[in-house]
Structures are given as C-alpha cells and as structure tokens.
2 protein chains.
Amino acid sequence: MTEEPSAAQRPTLEAVAARAGVSRATVSRVVNGGPGVREELADKVRHAVDELGYVPNHAARSLVTRRHDAIAVVIAESETRVFADPFFALQLRGISRELTAHDVQLVLLLTEGRDDHERVGRYLSGGHVDGALVFSLHLDDPLPGIIRRAGLPTVFGGRPGWQDADAGERSAPYVDCDNRGGAREAVRHLVGLGRRRIAHITGALDQTSAVDRLDGFRDALADAGPHLIEEGDFTFAGGERAMRRLLDAEPELDAVFAANDLSASGALRVLRERGRSVPDDVAVVGFDDMLLVAEQTEPPLTTVRQDIEEMGRLMARMLLRDRSGEGLAAGPSSVVLPTALVRRASA
Amino acid sequence: MTEEPSAAQRPTLEAVAARAGVSRATVSRVVNGGPGVREELADKVRHAVDELGYVPNHAARSLVTRRHDAIAVVIAESETRVFADPFFALQLRGISRELTAHDVQLVLLLTEGRDDHERVGRYLSGGHVDGALVFSLHLDDPLPGIIRRAGLPTVFGGRPGWQDADAGERSAPYVDCDNRGGAREAVRHLVGLGRRRIAHITGALDQTSAVDRLDGFRDALADAGPHLIEEGDFTFAGGERAMRRLLDAEPELDAVFAANDLSASGALRVLRERGRSVPDDVAVVGFDDMLLVAEQTEPPLTTVRQDIEEMGRLMARMLLRDRSGEGLAAGPSSVVLPTALVRRASA
DNA sequence: CTGAAAGCGCTAACAT
DNA sequence: ATGTTAGCGCTTTCAG
C-alpha cells in the first residue's frame with residue numbers, strides 16, 4: 001500500500017559494474033564513450049547494460065559535470081501574437097530538430113508579460129540549463145540585462161534593440177533575416193509595377209524587425225509622406241485598423257506594403273470591404289511568407305519570404321557551438337539571413 | 001585564460017549555513033518551507049540567502065528527492081499539421097500557464113515520424129521528468145506502449161485510439177472535447193437550415209477525433225450515402241481535394257461539414273473556384289473555431305468551438321494532481337469538455 | 001527545535 | 001587498461 005507498485009528501482013552504475021564484473025569507472029567509460037577500454041570488457045559491459053536496462057541518472061551526472069544537456073527557449077511575447085502566428089511554431093521546430101540531433105533537451109519558457117520576467121530570470125540564473133535562445137524582445141525588455149548578469153550563453157532571435165555600447169565589448173549574438181533589405185525589395189517591386197502612392201503598415205515599433213522594415217520602406221521611398229505610414233502591430237486587427245486610416249488619409253493610394261502577412265491579410269479584408277480590387281486598384285505585399293496566411297488570402301499574397309525554420313536551426317547551432325567550449329573566437333557572432341520576394345496574385 | 005570569467009562559483013547550502021551560523025539541515029528546512037524552525041533563525045537564514053544570492057542546485061536536489069519538477073510535452077505529429085495549425089500552440093500555452101503556477105518546467109519533445117519514437121521513449125523512460133502530456137496519437141502509435149512500460153504518469157490529449165482492454169484495468173486518463181456531440185450539433189444546424197444534401201469532409205481517420213466527428217455526422221444523418229463522405233486529413237490541401245471529389249460525385253450538394261476549420265477553408269476555396277456561393281448555394285461548417293482561420297475566411301466560418309487552451313490547462317492540472325501523490329482514486333480519470341456552435345456567415 | 005551524518009548515482013583524478 | 005577514491009550539493013533520518 002505504501003510501496004510504489006511499478007516504477008521499480010532502476011539499476012545503477014554499480015549494479016551494471018557488478019554484473020559485468022568490472023569497476024564503476026569502467027562502466028562509466030563505456031557508457032560515455034571514454035577512451036581506452038578493451039573491446040572485450042566493453043562488450044561485457046554493454047551486455048550488462050542491456051540486460052539490466054540501465055539508464056544513466058541524469059541528475060547525478062549533472063551534479064558532477066555541471067552540464068545539463070538542456071537549453072531554454074524563451075518566448076517573450078504576449079497573448080496577442082505568439083499563438084496567432086505560426087512564426088514561433090516554425091522556429092521551435094527548427095530549434096527542436098537541431099537540438100535533437102545533439103541530444104539536448106528543450107525547456108520552453110513562455111512569458112505572459114512583465115511579472116514573468118522575474119520568474120524567467122530566476123530560472124535562467126538557476127543553473128538548470130546550459131544556454132538560452134531568446135525571442136521577440138521588445139525595446140525596453142529587462143530580460144537581456146538579467147541574462148547577461150546570469151552569465152548564461154545566449155543567442156537572440158531577431159536583432160536585440162539595445163545599443164551595442166550597452167552590451168560591452170562583444171554584443172550578444174543573434175540571428176535575424178534581412179528585414180531592411182527585404183522591405184526595400186518589396187517596395188521596389190511595387191514601384192516597378194508603376195505604383196505611385198505606396199503606403200506602409202508598420203509592425204509593432206518597439207521591435208527591431210518592425211523598425212528595420214520601416215527603414216527599408218524609406219530606403220526605397222525616401223519622400224513618402226507621413227500620411228502614407230500607419231502604425232500597426234503585426235496582428236490581423238492591427239492591419240485592418242491601419243488600412244482604414246490609410247484609406248481615409250489617402251484615398252488615392254494604389255499600393256500598400258504591410259510589415260507582415262497577418263496585417264496584410266487584415267488590410268486585404270478592409271480593401272475588399274471598401275470595394276477596392278486587389279491588385280487592380282491597390283497592390284498589396286506582405287512579409288514572412290507564412291503559408292497558412294499568404295496562400296489562403298484572396299487573392300493570394302505577394303510577400304517577402306524568410307526561412308524561419310532555418311533561423312531556428314541556426315540559433316540552436318550557434319548556441320551549441322558556444323556550449324561545446326569553442327567560445328569567443330569561433331565563427332561570426334551574428335547571422336543575417338537573406339530574404340526573397342515571392343510573387344503571388346496580390347502585387 | 002583557463003578560468004571561467006563570469007558564472008562564478010555559486011554559493012551552496014553550506015555557504016548559507018556558515019553565513020547564518022546554523023547547520024545545513026536548518027537552511028534546507030527554511031528553503032523548503034519545512035516545519036519547526038524558530039522564526040528568529042529562519043530570518044537569519046533568509047537574510048543569508050539573499051545576501052549570497054543562493055539558488056538551490058536542482059541536480060543535487062533531484063538526486064535525493066527523485067523529483068524533477070519538470071514534465072514532458074510530447075507532440076507526435078508530423079510535418080504537415082503541427083505547425084500549420086495553431087492548435088498545438090494554444091494547448092502549449094494552456095499547459096505552460098498551469099505549470100508555471102506550480103513551478104514545474106516544460107520539456108518539449110517534438111517527434112518527426114517513427115524513428116523518433118525510440119528516442120522519445122528513451123527519454124521518457126530515462127527518469128528526467130515527473131510525467132508526460134502526450135498529444136496527437138495515431139492509431140498504430142507505439143508511444144503509449146512505451147510509456148506504459150516506462151511507468152510514467154501520463155495524460156493524453158485527445159482520446160487514445162487503442163482498445164481499453166489493452167490498457168489493463170484502468171485506461172489512461174485523457175482530456176478531449178466532445179467531438180461526436182459537436183459534430184452532431186453542427187450537422188443538425190445544417191439540417192435545421194433546410195439543407196438536404198449534406199456532405200462531410202473527414203479528418204485523418206487514424207485519429208480518434210476524426211472518427212468521433214464522423215460518428216457525430218452519422219448520428220445526425222444516419223442515411224447519408226457514402227458518396228457524401230470524403231476523407232480528408234485536417235489540412236487545407238486535403239480539404240480542397242475532398243471538396244473537389246464531393247462536387248464531382250454529388251453536384252447537387254447544398255451543405256458540407258468539415259472536420260476542422262483548415263479543411264473547411266480549403267473547401268471554401270474550391271467552392272469559390274467552382275462558382276458556388278456560400279452560404280446561398282452551399283452552407284459550410286467547420287470545427288475548432290481556430291480564430292486565425294475561421295474569422296478570416298470569406299465568408300467567415302460557422303464552426304464548432306472547443307476551448308483548446310483550457311484543455312491544455314486541464315491536462316497539466318490532472319498530471320500535477322497525480323504527481324502530488326493523490327494517485328488513483330482522486331477525481332475523474334478522464335475529462336470530455338463540451339463544445340459550442342459558433343455562428344458566422346458560412347452557415 | 002536543531003545539528004550530525006549518511007548517502008542519492010555519478011565522474012574524474014589519481015593510483016596501480 | 002582498469003580500479004580506487006573523493007567528492008558534486010542536497011535532503012533526511014536520527015540523536016541530542
């Protein structure tokens with residue numbers, strides 16, 4: 001009644017050693033692929049391991065090695081966006097793939113606003129994981145500071161917003177796509193189509209991706225009047241709102257570049273409501289190439305593609321490289337991936 | 001050069017004890033809220049903890065308590081669906097919320113097909129986590145067996161497909177929504193609208209949710225001819241394909257119930273292509289109430305809502321209840337949540 | 001109510 | 001090449 005019925009006592013290194021007639025150290029060597037064990041003995045050990053169904057105790061191992069073979073993925077995004085947008089899911093998959101290949105576990109930390117930062121900080125400083133992958137920072141986010149103090153190897157997803165000076169000598173490594181270049185290309189495409197009044201629906205401007213895309217827009221259209229730029233927030237509803245304001249301010253507009261596909265999709269909806277045909281009256285370009293959204297809008301969306309899964313994979317790879325002790329000098333400290341314009345029907 | 005520059009030696013229980021002038025045992029009691037420590041001493045200890053910035057070493061603790069304060073979330077879904085569908089993201093959020101409240105960590109295990117099952121099984125049996133939440137099982141999935149053998153407390157997301165007999169006396173606890181009842185209600189709604197030729201696009205029939213929804217369809221429409229039922233796979237493309245076949249087989253159909261919103265959305269696209277107006281010519285009902293999809297289709301989708309996030313939260317709660325030793329007799333072993341029809345424009 | 005001491009299972013020097 | 005040994009940091013009887 002008090003005894004745990006199943007989940008019997010798991011065999012220890014000691015038990016394997018006894019069974020194989022060797023010392024614990026030898027078993028440890030075999031299990032961890034250590035060097036210099038006679039093949040004959042190693043075989044015996046492996047047999048004993050199989051027979052007993054031995055699995056190393058991770059806690060005991062961590063206690064001495066101070067490694068955890070686990071990294072944290074922190075998604076610092078609130079309600080609205082995280083899960084309306086398959087973006088994070090794709091990154092997660094990329095990350096998961098890479099980690100799996102290295103037998104490293106993924107601890108997922110979802111934050112729900114500022115209160116959570118403390119909790120996350122505590123966890124990250126708590127020495128439970130070997131590193132962290134941090135996404136979707138906002139400009140005033142306290143997380144980077146917390147992390148730096150914790151001294152935990154970290155790679156950021158998207159260029160962090162703080163000044164490089166703050167970060168000391170080496171700034172934190174990050175992976176991002178070429179937001180500015182992609183935006184520029186999108187707008188140039190619109191210009192090439194002969195559009196003259198091109199508007200922009202921005203993303204949430206407390207994130208560098210939104211700022212960079214806005215910069216790209218301006219690169220291509222230095223003289224765009226302020227009434228052609230309307231702030232959005234990367235959501236569908238934000239896209240709708242922005243599109244309404246744009247149409248009110250500039251009924252003659254003939255193109256719009258939205259900071260992501262979700263807001264482009266909101267814009268499309270408003271354009272339809274207002275009787276503008278796309279792309280005839282108004283051409284629309286998005287950003288992300290989120291298939292679930294871009295392929296299913298009416299009409300399908302011309303957009304700027306970024307390889308989101310690859311970004312995730314890359315982040316994980318950079319973190320693991322760091323972890324394996326290569327440290328400072330190895331490889332570039334940040335990576336910016338190229339984007340590509342994907343033409344569909346909307347522009 | 002060889003010294004780790006940051007990440008200095010973290011203080012141990014011992015250090016705190018020395019600082020507070022008490023024994024390790026006392027510090028341990030205070031830190032863990034143990035009973036019977038004089039308030040005066042406890043205060044001293046707490047001060048020392050703060051001054052030193054002491055954080056307990058999790059590995060050391062696990063080693064002796066055999067608890068990990070971590071659970072695994074296993075998503076056993078392949079490429080196609082996991083990340084096309086915000087479904088899992090929502091569940092994850094529900095789970096994360098509940099776990100956070102209990103200071104339990106979430107280890108995410110994404111599988112990529114059968115090869116991965118072994119890896120996941122090994123991890124789950126490896127004694128790294130206190131329990132598991134498992135999603136999206138397919139009928140012939142080896143995972144349940146592996147898990148049962150590992151003797152790990154587990155709650156399934158969605159009714160598992162195996163026969164109860166296999167599972168021994170108590171079958172595995174799960175959380176699901178009332179797929180059958182929801183489907184029935186959807187179809188009755190269509191009938192109430194006066195529709196006479198109602199078709200069904202199923203989900204992937206190796207998952208119980210798809211089978212249950214099909215059963216619900218049949219409950220309401222016992223005499224539906226087989227040419228009115230077309231197999232889909234819960235994807236947009238699957239919905240398109242199925243809709244085409246249905247229209248070919250039964251051009252006169254005036255309604256379709258799709259097993260989820262994504263496939264309903266594919267159906268909508270085909271209906272538009274073929275010049276049928278929705279809902280005038282053909283009424284369409286989906287399942288899930290995935291806002292990203294259902295609110296943005298043209299026209300917006302009438303669908304069956306399930307509270308996905310709540311399902312996640314509930315699963316976590318059930319698992320934690322189990323973990324806290326209440327064991328067998330406490331509470332119902334499975335939960336089926338109600339669904340609700342959400343009327344929009346498509347039916 | 002508090003302290004002393006015995007491990008939890010494993011790795012990594014250090015011997016041999 | 002293999003074995004011996006000393007902890008890693010913590011919880012938990014058991015004495016006092």
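Computed over heavy atoms, backbone and side chain alike; hydrogens, waters and symmetry mates excluded. On a predicted model such as this, the values are computed, not experimentally measured, just so you know. Residue numbering restarts at 1 for every chain, and letters A, B, ... go by the order of the sequence lines.
- Note that the NE2 atom of His58(B) and the CG atom of Asp69(B) stand 5.0 Å from one another [nearest 0.5 Å].
- Asn57(B) and Arg10(B) share no side-chain donor-acceptor pair at under 3.5 Å.
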* **side chain to side chain contact (heavy atoms under 4.5 Å, CB included) between Val175(B) and Ser334(B), worked out** => CA-CA 6 Å; Val175(B) 173; Ser334(B) 289; over 6 Å; no
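- Not counting sequence neighbours, the partners of Asp176(B) by the side-chain hydrogen bond (donor to acceptor under 3.5 Å, both in side chains) test are Asn179(B).
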* **side chain to side chain contact (heavy atoms under 4.5 Å, CB included) between Leu337(A) and Leu314(A), worked out** => CA-CA 10 Å; Leu337(A) 296 177; Leu314(A) 213 52; 3.9 Å; yes
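- Contact annotation: Arg10(A) side-chain N/O to dG9(C) OP1/OP2 distance is not under 4.0 Å.
- Between the P atom of dC10(D) and the NE2 atom of His68(B) lies a distance of 17 Å, rounded to the nearest Å.
- In this entry the distance linking NE2 of His58(A) with P of dT11(C) reads 11 Å, nearest Å.
- One can place CG of Leu63(B) at 14 Å from P of dG7(C), the figure rounded to the nearest angstrom.
- Distance Glu14(A) CD to dA6(D) P: 15 Å, rounded to the nearest Å.
- The residue among Leu41(B) and Asn57(A) whose nearest nucleotide of DNA chain C is located toward the 5' end is Leu41(B).
- Atom C1' of nucleotide dT2(C) and atom CD of Glu39(B) are separated by 15 Å, given to the nearest angstrom.
- A salt bridge links Arg313(B) and Glu309(B); the closest N-O separation between the charged side-chain nitrogens and carboxylate oxygens is under 4.0 Å.
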* To do: Summarise how protein sits on nucleotides 11-16 of chain D as a single string, 5' to 3': B when a protein heavy atom is under 4.0 Å from the base, S for sugar-phosphate-only contact, - for no contact.
  => BBB---
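- A salt bridge links Arg46(B) with Glu39(B): the closest approach of a Lys/Arg side-chain nitrogen to an acidic carboxylate oxygen falls below 4.0 angstrom.
- Taking side-chain N and O atoms only, Thr12(A) has no distance below 4.0 Å to OP1 or OP2 of dG9(C).
- The bend of the helix from dC1(C)-dG16(D) to dT16(C)-dA1(D), defined by the angle between the axes of its first five and last five pairs, stands at 40° to the nearest 10°.
- At whole-Å resolution of the value, NZ in Lys44(A) and P in dA1(D) are 17 Å apart.
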* Asked: How far apart are the C-alpha atoms of Asn32(A) and Arg61(A), what are their side-chain angles, what is the distance that settles it, and do they pass the side chain to side chain contact (heavy atoms under 4.5 Å, CB included) test?
  -> CA-CA 11 Å; Asn32(A) 297 298; Arg61(A) 179 181 284 170; 3.1 Å; yes
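- Within a 6.0 Å radius of CD in Glu118(A), no more than 12 heavy atoms belonging to other residues, nucleotides or ligands are found.
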